[in-house]
Protein chains: 2
Amino acid sequence: MQTKTDPRVLRTRKLITEAFIQIFQTKSFSEISVKDITTEAMINRATFYNHFLDKYDLLEKVVEEKLHLNLGCEKQKTSMSIEETIETVFLSLTRFETSVPSVSGQEEKEAIDAIIKLELVNIFRTKLIEINPQTETRLLDKLANWLTFTVRGISLDWKHSDQDETAGEFIEPLLPFIMRGIETL
Amino acid sequence: MQTKTDPRVLRTRKLITEAFIQIFQTKSFSEISVKDITTEAMINRATFYNHFLDKYDLLEKVVEEKLHLNLGCEKQKTSMSIEETIETVFLSLTRFETSVPSVSGQEEKEAIDAIIKLELVNIFRTKLIEINPQTETRLLDKLANWLTFTVRGISLDWKHSDQDETAGEFIEPLLPFIMRGIETL
DNA sequence: AATAAAGTGTAACTTAAACAACACTTTTAC
DNA sequence: GTAAAAGTGTTGTTTAAGTTACACTTTATT
């Protein structure tokens, strides 16, 4: 239990992230300056740097937050099986990717992708360690990576499909195949 | 040219008024507490009182601002005739009333009406004095009042009509009648 | 290639907003 | 009727945000 953060800090962060998301709809990431963000957020440019290192740091935090918003609560549940976790993460990811405005530029896509990858690997890693505490971490890390690529690949596949199936319907028949691999553990 | 206001002040006002308008969509005015507003606005309750006397004062300012937003620029134009002013005010009023969510309660309706009345009287009064500077103010005040009732009456009439005519079409045939009265000056 | 213009990141100082505590007035509930 | 709860409006004190200025880097312009 730590001393709760000043409401002004929370408000400022909210204003900044909302402003950023707002501008992000209309401009590509590289075109956005810190000044743009702070003007939209109605805060001073110097204040921005009290909260974020730079706009890349902001992007990172925003994506993290967005992802957590979808699967944050589920993440805690230790009751969840790996299979459920995979499905949940997949659904969160597709939800996230459809919620993000089809952003253009390469730079920001790479940035976002990198952040998502880190996040997913972390989720899978945690879950795998939780369920197989005796297995060595090196192996679990590799598996987490593999699961991440798998889930993101399927997500991309679904995204490029005609989407007559829901995301859930799309991954459902694939889950047994994925699970077979995991069950080698 | 006066010393420009602190950006924090502008931001806080914006947050408060936006929060108020937001809550006003879901609750009636009497049900809204200052705490509700400040929570939604993410500001401290004490700060509210640095900007507004109470929630009635806030309502007043918000309605004023909304009205000004519509006819603020026109109000300056000394070039405008009384007839144009009447029409402009009428159109602003109908625009305002259709933009306000059909708010329920009696208390707030009266509050808003009172504010609108004050505002319109003030506009007409200014215009009349500008055009007839030699006429005594007492009389112009009465005329301003009369114009206000006229415009608001027609606005109400239009609102209750089936609105197959636009507001502009609605008042157009009435303007000569109104002007006849004014031209007695 | 040179220069202007726009953007970045930082730091000392000022100020508006948060805190929290208060007396007071409704509302609500027993 | 009265006690608890919720709301109002105010006042010092503390703190996050605004100001301004700076050195520096990147991007346009000539």
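Lettering of chains follows the sequences in order, A, B, ..., and the numbering in each one begins at 1.
Between the CD1 atom of Ile37(B) and the C1' atom of dG9(D) there is a distance of 14 Å, given to the nearest Å. To the nearest angstrom, P of dT27(C) lies 13 Å from CD of Glu31(B). Asp36(A) places its CG atom 7 Å from the P atom of dG7(C), with the value rounded to the nearest Å. Atom OH in Tyr56(A) sits roughly 14 Å away from atom P in dG7(C) (whole-Å rounding). For the pair Met42(A) CE and dA17(D) C1', the computed distance is 14 Å after rounding to whole Å. Rounded to an integer number of Å, the gap from CG of Leu15(A) to P of dG18(D) is 9 Å. Here dA17(C) presents its P atom at 11 Å from CZ of Phe52(B), a figure rounded to the nearest Å. One can place CG of Asp6(A) at 7 Å from P of dA17(D), the figure rounded to the nearest angstrom.
Heavy atoms of Arg11(A) sit under 4.0 angstrom from primed sugar atoms or phosphate atoms, though from no base atom. Counting non-hydrogen atoms under 4.0 angstrom, Asn50(A) reaches nothing in the nucleic acid.
Between Asp36(A) and Ser33(A), the side chains place a donor N or O and an acceptor N or O closer than 3.5 Å (distance only, hydrogens not considered).
Within 3.5 Å, no donor on the side chain of Arg45(A) pairs with an acceptor on the base of dG18(D), nor the reverse. Scanning atom types as modelled, one donor and one acceptor separated by under 3.5 angstrom connect the side chain of Arg8(A) and the base of dA17(C).
For dG9(D), the OP1/OP2 oxygens have a side-chain nitrogen or oxygen of Tyr49(B) closer than 4.0 Å. Checking the phosphate oxygens (OP1, OP2) of dA17(C), no side-chain nitrogen or oxygen of Asn44(B) falls inside 4.0 Å. Regarding contacts with the backbone of dA17(D), a side-chain N or O of His51(A) is found under 4.0 angstrom from either OP1 or OP2.
Note that CH2 of Trp146(A) and CD1 of Ile178(A) are 6.5 Å apart. Values are rounded to the nearest 0.5 Å. Rounding to the nearest 0.5 Å places OG1 of Thr5(A) at 3.5 Å from CG of Leu10(A). Once rounded to the nearest 0.5 Å, the distance linking CD of Glu18(A) with CD1 of Ile23(A) reads 12.0 Å.
Nearest heavy atom pair, residue Ala144(A) against residue Leu128(A), reads N-CD1, 3.8 Å.
Map Ser33(A) and Ala46(B) each onto its nearest nucleotide of DNA chain C; the residue landing nearer the 5' end is Ser33(A).
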